Amino acid sequence: MKAVVAGAAGGIGQPLSLLLKACPLVDKLALYDVVNTPGVATDLSHISSIAQIEGFLPADDGMKKALTGADIVVIPAGIPRKPGMTRDDLFKINAGIVQGLIEGCAENCPDAFILVISNPVNSTVPIAAEVLKKAGKFNPKKLFGVTTLDVVRAETFVQSLTGEKDPSKTVIPVIGGHSGETIVPLFSQAKPAVKIPEDKLDDLTNRVQFGGDEVVKAKDGAGSATLSMAYAGYRFAEKVMKAAKGETGIVEPTFVYLPGVEGGDAIAKETGCEFFSVPVELGKDGAQKAINVLGSANEYEKKLLQACYEGLKGNISKGIEFVQNPPQK
Ligand SMILES: NC(=O)c1ccc[n+]([C@@H]2O[C@H](COP(=O)([O-])OP(=O)(O)OC[C@H]3O[C@@H](n4cnc5c(N)ncnc54)[C@H](O)[C@@H]3O)[C@@H](O)[C@H]2O)c1
Ligand SMILES: O=C(O)C[C@H](O)C(=O)O
């Protein structure tokens, strides 16, 4: 299993690379960034784990060398938010960064699983899909927007109400997109069931939807979530790798191109969104089945979903448009 981190020298990239270096499922790890990868890779190379590690910069065909032979590429490249910014404010810079990296994937590792972390995920994943389509290399089962941090936050924030010692034992589907009101936690479908007092539900839902802002505010200009995101990104990457190696029964919400995944057409029809995060059953070839959890949403959640659809549609079209009708330079 060869894993690549693109954006490996950054706030997310470094701890994510550490977790992948320590992961026994990874045989080879390539770190790619526009700066500092030789240092990060040398540092991590002293860890006595299985993965053989190398760092690459753009010079000397570094991107090509990093991506060639990759089985899984995780992309946290791009600028993060500062206080007062929305994720959509990152589009101007990050859209082009993601486009360039996905062009590299299409050329050098078209069969790899591609996990997009770079924001705004609601638009960068449609960009990735369009770039891959243009190159004739789009496999919707292998392209994922990483929304695991929203799931991790829901598990964590509900703990004060469940009293559960290990918060990760409560499974909560968080669906939709990855920004503000497009993030929809379905607490009514928590397993085991959670009874949330009515007067606590708004605050809890809001905290999951705007958890990113909490970190941006606390970091006060020094960026957004990095360590919790590295944990979440690793958790999702590990699930994709385990499924690829034949483990069954693995399900995690992720932002996918619904018409390309079994069971996704009906969800796309119902939501009006071609890209959407839903619990997805992972298999050897990637996204095996999209699980429709919309039907069991309660009235409160149905209202959240209406707002989600509206916001998400615009974000998706913006990403598609960026590739189909590139802005004039
Ligand atoms: N999906 C999520 O849940 C989630 C969570 C947190 C952050 N993010 C997003 O992840 C991205 C990275 O956040 P961060 O805090 O690590 O930022 P950061 O600035 O610390 O790191 C980003 C890295 O990307 C590198 N980079 C820039 N252009 C590149 C290119 N063309 N090729 C390769 N590398 C390139 C930079 O050199 C830098 O090292 C941001 O867009 C942020 O909003 C997403
Ligand atoms: O909030 C951000 O900009 C980063 C990330 O998307 C998050 O949810 O923490």
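All figures in this text were calculated on a predicted structure; none of them were measured in a lab. Numbering of residues begins at 1 and proceeds along the displayed sequence.
- Rounded to the nearest 0.5 Å, atoms CG (Leu305) and CD (Glu270) are 9.0 Å apart.
- The closest donor-acceptor contact from the side chain of Glu301 to the backbone of Leu294 lies at 3.5 Å or more, if one exists at all.
- Side-chain N/O atoms of Thr182 and Asn122 include a donor and acceptor closer than 3.5 Å.
- Across Ala112 and Ala70, no two heavy atoms sit closer than the pair CB-O, 3.4 Å.
- Note that CG of Leu258 and OG1 of Thr271 are 6.0 Å apart. Values are rounded to the nearest 0.5 Å.
- No side-chain heavy atom of Ile316 sits less than 4.5 Å from a side-chain heavy atom of Ser123.
- Asp203 contributes no side-chain N or O that, together with a main-chain N or O of Lys200, makes up a donor-acceptor pair within less than 3.5 Å.
- Side-chain atoms of Asn298 come within 3.5 Å of backbone atoms of Tyr300 as a donor-acceptor pair (strictly under, hydrogens ignored).
- With rounding to the nearest 0.5 angstrom, the OG1 atom of Thr124 is 8.0 Å from the CZ atom of Phe255.
- Between Glu54 and Lys28 there is no salt bridge, since no side-chain N of the basic residue sits under 4.0 Å from a carboxylate O of the acidic one.
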>> Does Ser17 form a side-chain contact (heavy atoms from CB on, under 4.5 Å) with Leu44? I'd like the steps, not just the answer.
In response: CA-CA 8 Å; Ser17 300; Leu44 290 175; 3.7 Å; yes
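- Put simply, the side chain of Lys219 gets close to the backbone of Ser224: a donor and an acceptor are under 3.5 Å apart.
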> Can you list the steps and then say if Glu252 with Lys239 is a salt bridge (charged side-chain N to carboxylate O under 4.0 Å, His left out)?
Replying inline: CA-CA 8 Å; Glu252 187 84 305; Lys239 289 192 176 189; 3.7 Å; yes
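- Both cation-pi conditions hold for Lys142 and Phe113: the charged atom is under 6.0 angstrom from the six-membered ring centre and inside a 45 degree cone around its axis.
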> How far apart are the C-alpha atoms of Leu304 and Ile183, what are their side-chain angles, what is the distance that settles it, and do they pass the side-chain contact (heavy atoms from CB on, under 4.5 Å) test?
Replying inline: CA-CA 9 Å; Leu304 297 178; Ile183 300 170; over 6 Å; no
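- Closest approach of Glu281 and Ile291 over heavy atoms only: N-CD1, 4.4 Å.
- Within a 6.0 Å radius of NZ in Lys195, other residues, nucleotides and ligands contribute 12 heavy atoms or fewer.
- Considering only heavy atoms from C-beta on, Gln324 comes within 4.5 Å of Glu130 through its side chain.
- Using a distance-only test at 3.5 Å, with no hydrogens or angles considered, no donor-acceptor pair links the side chain of Asp43 to the main chain of Gly39.
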>> For a side-chain hydrogen bond (donor to acceptor under 3.5 Å, both in side chains) check, start with the C-alpha distance between Lys21 and Ser49, then their side-chain angles and the critical distance, and finish with the verdict.
In response: CA-CA 7 Å; Lys21 172 71 177 100; Ser49 61; 2.7 Å; yes
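- Val35 and Leu101 fall into different hydrophobic clusters, where Ile, Leu, Val, Met, Phe, Trp and Tyr are joined by side-chain heavy atoms under 4.5 Å apart, directly or via other members.
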>> Val73 vs Cys109, test: side-chain contact (heavy atoms from CB on, under 4.5 Å). Steps then yes/no.
In response: CA-CA 9 Å; Val73 182; Cys109 56; 3.9 Å; yes
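- Two residues are said to be in side-chain contact when any heavy atoms from C-beta on lie closer than 4.5 Å; Val40 and Thr42 fail this criterion.
- Asn94 places a side-chain N or O within donor-acceptor distance of the main-chain N or O of Ile79, the cut-off being under 3.5 Å.
- Under a hydrophobic clustering in which Ile, Leu, Val, Met, Phe, Trp and Tyr are joined whenever their side-chain heavy atoms come within less than 4.5 Å, directly or via other members, Val251 and Ile172 fall into the same cluster.
- In terms of heavy-atom proximity, Pro185 sits nearest to Gln209 at CD-CG, 4.5 Å.
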>> Let's go through Arg81 and Asp213 carefully: what are the C-alpha distance in whole Å and the side-chain angles of both, what is the deciding distance for salt bridge (charged side-chain N to carboxylate O under 4.0 Å, His left out) to 0.1 Å, and is it a yes or a no?
In response: CA-CA 9 Å; Arg81 284 199 288 161; Asp213 300 55; 3.3 Å; yes
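- Within 6.0 Å of CG in Asp166 there are more than 12 heavy atoms belonging to other residues, nucleotides or ligands.
- Connection of Val171 to Val158 is not established within any shared hydrophobic cluster, with ILVMFWY side chains joined at heavy-atom distances below 4.5 Å, either directly or through further cluster members.
- Side-chain atoms of Lys245 do not come within 3.5 Å of backbone N or O of Met1 as any donor-acceptor pair.
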> Between Glu310 and Glu181, does a side-chain contact (heavy atoms from CB on, under 4.5 Å) hold up when you go through it step by step?
Replying inline: CA-CA 10 Å; Glu310 290 317 306; Glu181 63 185 10; over 6 Å; no
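- Other residues, nucleotides and ligands place no more than 12 heavy atoms under 6.0 Å from the NZ atom of Lys303.
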> Which is it for Thr68 and Lys2 under the side-chain hydrogen bond (donor to acceptor under 3.5 Å, both in side chains) test, yes or no, and what are the steps along the way?
Replying inline: CA-CA 9 Å; Thr68 300; Lys2 176 175 174 180; over 6 Å; no
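- Across every non-hydrogen atom of Leu143 and Val256, the tightest pair is O-CG1, 3.9 Å.
- Under the 4.5 Å side-chain criterion, counting only non-hydrogen atoms from C-beta, Tyr32 is not in contact with Val5.
- Residues Phe236 and Phe144 bring their aromatic ring centres within 6.0 Å.
- The shortest side-chain heavy-atom distance between Val152 and Ser228 does not fall under the 4.5 Å cut-off.
- The side-chain heavy atoms of Tyr234 and Pro15, taken from C-beta on, include no pair separated by under 4.5 Å.
- Rounding to the nearest 0.5 Å places CD1 of Ile97 at 12.5 Å from CD1 of Ile102.
- The distance from atom CG of Leu312 to atom OG of Ser179, rounded to the nearest 0.5 Å, is 8.0 Å.
- Summarising the local packing, NZ of Lys284 is surrounded by 12 or fewer heavy atoms from other residues, nucleotides or ligands at distances under 6.0 Å.
- Distance alone, capped at 3.5 Å, places no donor-acceptor pair between the Thr147 side chain and the His178 backbone.
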> Can you list the steps and then say if Gln159 with Thr170 is a side-chain hydrogen bond (donor to acceptor under 3.5 Å, both in side chains)?
Replying inline: CA-CA 8 Å; Gln159 187 194 28; Thr170 309; over 6 Å; no
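- For the atom pair CG (Leu16) and CG (Leu115), the distance works out to 9.5 Å, reported to the nearest 0.5 Å.
- Side-chain heavy atoms closer than 4.5 Å link hydrophobic residues (I, L, V, M, F, W, Y) into clusters, and following such links, possibly through other members, connects Met229 to Leu18.
- Of all the heavy atoms in Pro76 and Ser118, the pair that sits closest is C-OG, 3.9 Å.
- Counting non-hydrogen atoms of other residues, nucleotides and ligands closer than 6.0 Å to NZ of Lys289 gives a total of 12 or fewer.
- Cation-pi geometry between Lys133 and Tyr257 is met: under 6.0 angstrom from the ring centre, within 45 degrees of the axis.
- Salt bridge annotation for Lys318-Asp88: present, with a cationic side-chain nitrogen under 4.0 angstrom from a carboxylate oxygen.
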>> Before you tell me yes or no, could you show the steps for Arg235 and Glu155 under salt bridge (charged side-chain N to carboxylate O under 4.0 Å, His left out), namely the whole-Å CA-CA distance, both residues' side-chain angles and the distance that decides it to 0.1 Å?
In response: CA-CA 14 Å; Arg235 168 166 142 171; Glu155 290 169 357; 2.8 Å; yes
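- Val216 and Phe210 fall into different hydrophobic clusters, where Ile, Leu, Val, Met, Phe, Trp and Tyr residues are linked whenever their side-chain heavy atoms come under 4.5 Å apart, directly or through other members.
- Residues Ile175 and Val293 meet the side-chain proximity criterion, which asks for heavy atoms closer than 4.5 Å.
- Nearest approach of Ile127 to Gly319, heavy atoms of both residues: CG1-O, 3.4 Å.
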